[in-house]
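Here the structure is laid out as structure tokens; the discussion comes afterwards.
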Amino acid sequence: MSLKKKKSVIEKNGKSSSNKNYFILTTDNKKQILGLFLVIISIILFLSVITFDRRDEANLTTIVSDFFKSFDTKIDIQNWLGVSGAHFSKFLVKATFGYFSITIPIVILLWGVSFFKKIDFKFRLHVSNFLLISSIIIATFFGVLHENYGLFLSSYELSGFIGDHFGKFLSGLVGGIGSILILIGSFITILIFALDIDIKSIFNFFKEV
């Protein structure tokens, strides 16, 4: 090979290597980063909820009244994720569906994983709706028990604010027994649609029994 040809090959290789784009995010990279953040957030929220402790709420409210100062003050926290976990769990458990707010990080995890593994959009939407609606129904059930029968009054973790609010509204609308019947019927209906159960087979089963 002549010197001119060698120079041209070297110049071409140099140009091709210099034209490579480093540290540039492609569309797939952006999706994977977003999915990774969703997975991490879901794990953080999941651990926060399952390690919720009422003593953390008391420590956060009585010792420190300012949200940002709570991170600078030494507080006895039982939550696995420290002060941040205590704040997250306090919001999810108390302000949403109680312990049943555990479905929220599960839904976030499902959508986060979908950025790495192809999951049908209808399936994701179907599972998300089922989990969230089920959480609302169960939390409302305990809200009805609080409102009408005075059961589990000290355990707000079973209903949360949303469950108590819906339970109070439904109880005022159709009473305690009516509310329970509606909630049980709604939950059975959701199960039928979610599991694709044939209603005729259920009736036939009871006829045989």
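Numbering of residues begins at 1 and proceeds along the displayed sequence. Below, all heavy atoms of this structure are taken into account, side chains as well, without hydrogens, waters or symmetry copies.
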Fill in: Where at least one partner belongs to residues 141-161, residue pairs that pass salt bridge (Lys or Arg N to Asp or Glu O under 4.0 Å), sequence neighbours excluded
Arg54-Glu157

Fill in: Sub-4.5 Å side-chain heavy-atom contact between Leu38 and Leu109
no

Worksheet item: Do the non-hydrogen side-chain atoms of Ile188 and Ile184 ever get within less than 4.5 Å of each other?
Response: yes

Discussion item. More than 12 heavy atoms of other residues, nucleotides or ligands under 6.0 Å from CZ of Phe91: yes or no?
Written reply: no

Practice prompt. List in chain and number order the residues that pass side chain to side chain donor-acceptor pair (under 3.5 Å) with Asp164, two or more places apart in sequence or in another chain; answer none if no residue qualifies.
Written response: His146, Ser159

Practice prompt. Output every pair passing salt bridge (Lys or Arg N to Asp or Glu O under 4.0 Å) with a member in residues 94-116, not counting sequence neighbours, ordered by first then second residue.
Written response: Glu57-Lys94

Worksheet entry | Within 6.0 Å of OH in Tyr156, more than 12 heavy atoms from elsewhere | yes

Discussion item. As an exercise, state the distance from CG of Leu45 to CD1 of Ile108, rounded to the nearest 0.5 Å.
Written reply: 5.0 Å

Item to complete: For the residue pair Ile43 and Pro105, establish whether any side-chain heavy-atom pair is separated by less than 4.5 Å.
Response: no

Worksheet item: Taking side chain as C-beta onward, heavy atoms only, is Thr103 less than 4.5 Å from Leu132?
Response: yes

Discussion item. Between Phe130 and Phe193, does the side-chain contact (heavy atoms from CB on, under 4.5 Å) criterion hold? Intermediate values first, please.
Written reply: CA-CA 9 Å; Phe130 171 73; Phe193 280 105; over 6 Å; no

Discussion item. I want to check something: taking the side chain as every heavy atom from C-beta on, are Leu81 and Phe88 in contact at a cut-off of under 4.5 Å?
Written reply: no

Discussion item. Please determine whether the number of non-hydrogen atoms from other residues, nucleotides or ligands lying under 6.0 Å from atom CZ of Phe123 exceeds 12.
Written reply: no

Discussion item. I want to check something: taking the side chain as every heavy atom from C-beta on, are Leu131 and Ile106 in contact at a cut-off of under 4.5 Å?
Written reply: yes

Worksheet item: Looking at side-chain heavy atoms only, is the closest gap between Ile180 and Tyr149 below 4.5 Å?
Response: yes

Worksheet item: Does Asn148 offer a backbone N or O that forms a donor-acceptor pair with the side chain of Ser171 under 3.5 Å?
Response: no

Discussion item. Please list all pairs meeting salt bridge (Lys or Arg N to Asp or Glu O under 4.0 Å) that have one or both residues in residues 114-136, counting only residues at least two apart or in different chains.
Written reply: none

Fill in: Contacts of type side chain to side chain donor-acceptor pair (under 3.5 Å), residue Ser179, not counting sequence neighbours
none

Response to the item:
For Leu34 and Phe115, the nearest pair of non-hydrogen atoms, with its separation, is CD2-CZ, 3.6 Å

Discussion item. Please give me the minimum heavy-atom distance between Ile77 and Gly82, naming the atom from each residue.
Written reply: CG2-O, 3.4 Å

Worksheet item: Can you name the nearest heavy-atom pair linking Ile162 to Ala95, along with the distance?
Response: CG1-O, 3.7 Å

Practice prompt. Compare all side-chain heavy atoms of Ile104 with those of Phe97 and state whether any distance is below 4.5 angstrom.
Written response: yes

Worksheet item: With the 4.5 Å side-chain cut-off for hydrophobic clustering, are Leu151 and Leu153 part of the same group?
Response: no

Fill in: Polar side chain donor-acceptor pair, Trp111 to Ser128, under 3.5 angstrom
yes

Discussion item. With side-chain hydrogen bond (donor to acceptor under 3.5 Å, both in side chains) as the rule and sequence neighbours excluded, what pairs involving residues 26-37 come up?
Written reply: Thr26-Asn29

Item to complete: Can you see which heavy atom on Ser48 is nearest to which on Ser89, and at what distance?
Response: O-CB, 3.1 Å

Worksheet item: Are the side chain of Asp56 and the backbone N or O of Gln78 linked by a donor-acceptor pair below 3.5 Å?
Response: yes

Item to complete: Might you point out which heavy atoms bring Val113 and Val39 nearest each other, and give the distance in Å?
Response: N-CG2, 4.1 Å

Worksheet item: So Phe142 and Phe152, would you call those rings parallel, tilted or perpendicular, with 30° and 60° as cut-offs?
Response: perpendicular

